[in-house]
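Indexing begins at 1, ligand by ligand and atom by atom, following the structure's order.
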Amino acid sequence: MTDAIRTIALRKVYPAPGARRGGPASEQIVALAGLDLTVGDGEFFGLLGPNGAGKTTTVGILTTRVKASAGTALVAGVDVTTDAIAVRQRIGVVPQRPNPDRGLNVLENLVFHAAYFGVAHAAGTSRARELLEQLGIADKAQAKIDHLSGGQQQRLMIARALIHEPSVLFLDEPTVGLDPQARLALWDILRALHAQGRTIVMTTHYMEEADRLCERVAIVDRGRLLALDTPGRLKARAPGGTLVELALDGDAAPSLERVLALPGVSSADVQDHTLRVYTERGGELIPALIREAGAASRTVRDIHLSPPSLETLFISLTGRKLD
Ligand SMILES: Nc1ncnc2c1ncn2[C@@H]1O[C@H](COP(=O)(O)OP(=O)(O)OP(=O)(O)O)[C@@H](O)[C@H]1O
Ligand SMILES: [Mg+2]
């Protein structure tokens, strides 16, 4: 079976603001430094990375909006540079910033877009109504765009992206700016679309979102691929396992030497009345840690467990936090 997406040594260099074309390399911004990705047919795939990682640039190239500087990008086996029109027929795009036509109402936005892809008016209208229903904004069909909330505009963008029945759906940071309730509603919509067999490529800088939704996640930073795997396997790669934090009362410090000697402890430190222990054993270690605190005449005021996360992995790969 053909992969939904394949990029080989994909590279994008932007001229720095104000730089001359063909100016010195020092004036260039390397947004993608040779990216190799493969997304399987029907997969829910996440591109996770901080601001400026190159996520939008990658989506831009794959959706024929940005021209690559070097390398190859294929969508459903079709080369984006040599056959952009065929690629556009196969993809739906939800951009980072909603860009509906504000001169048209909700339904008209969809029907107009359908026409652009050669869908006849009647078929476009019935498909549009179906999608508005599916996305929970059927009552807004005649509404002006400016009367929609941010979440409703985002849903309209998804409906628009799906109007010509594409096989691959791209969503660039689809939940930024949504309140928690709207975000959860959008997650449900995306899960339903995926369950219908669509390939979904989503960018995000929310680890939890990538973890909860995606079957595989590529962690990108500064135009490079740092890791690519299922969220479960990526988290298992995070060093040190679970972080156990104990807030302590009193001044005497528990013996770090003894804490480090406990089974499964990979590192430990005490700072500002907090004992932090990384352990392969998670919560199992808590009784022993409480005993150690007691031995140093300290009472444990609070205990917090953080399971291994994509954030822990990102920190270990880059030395920086994701946000
Ligand atoms: N049109 C452009 N001209 C010049 N530089 C650009 C352009 N678009 C992006 N860049 C630069 O390329 C790099 C990657 O940007 P990109 O928008 O792909 O990142 P991103 O991962 O989508 O970030 P964000 O999370 O902020 O949306 C950044 O350093 C950015 O400043
Ligand atoms: Mg972006």
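For CZ of Arg102, the number of neighbouring non-hydrogen atoms (other residues, nucleotides, ligands) closer than 6.0 Å is greater than 12.
Ligand 1 lies within reach of Gly54, whose nearest heavy atom is under 4.0 Å from it. Taking a 4.0 Å cut-off on heavy atoms, Lys12 fails to register as neighbouring ligand 1. Residue Pro50 places a heavy atom less than 4.0 Å from ligand 1.
By the 3.5 Å distance cut-off applied to N or O atoms, Gln96 is counted among the residues near ligand 1. For a threshold of 3.5 Å applied to N or O pairs, the pair formed by Ala53 and ligand 1 contains at least one separation below that value. For the pair Gly52 and ligand 1, the shortest N or O to N or O distance falls below 3.5 Å.
We find the CZ-CG distance between Phe314 and Leu48 to be 7.5 Å, quoted to the nearest 0.5 Å. Here Asp101 contributes atom CG and His113 contributes atom NE2; the two are 11.0 Å apart, rounded to the nearest 0.5 Å.
The protein does not reach atom 31 (O) of ligand 1 closely, with no heavy atom under 4.0 angstrom from it. Distance remark: protein heavy atom present below 4.0 angstrom from atom 13 (C) of ligand 1.
The backbone N or O of Pro166 lies less than 3.5 Å from a partner atom in the side chain of Arg198, making a donor-acceptor pair. Listed for the Ser255 side chain is a donor-acceptor partner under 3.5 Å among the backbone atoms of Arg258.
Applying salt bridge (charged side-chain N to carboxylate O under 4.0 Å, His left out) to Arg212 and the options Glu209, Glu215, Glu208 leaves one that passes, Glu208.
Scanning the protein for heavy atoms near atom 17 (O) of ligand 1, the closest one is Thr56 CB, 3.6 Å. Looking only at heavy atoms of the protein, atom 15 (O) of ligand 1 is closest to Thr57 OG1, 3.9 Å. The protein atom (non-hydrogen) at minimum distance from atom 26 (O) of ligand 1 is Asn51 ND2, 3.0 Å.
Geometrically, Arg88 does not engage Tyr116 in a cation-pi contact, judged by NZ or CZ lying under 6.0 Å from the ring centre and within 45° of the ring axis.
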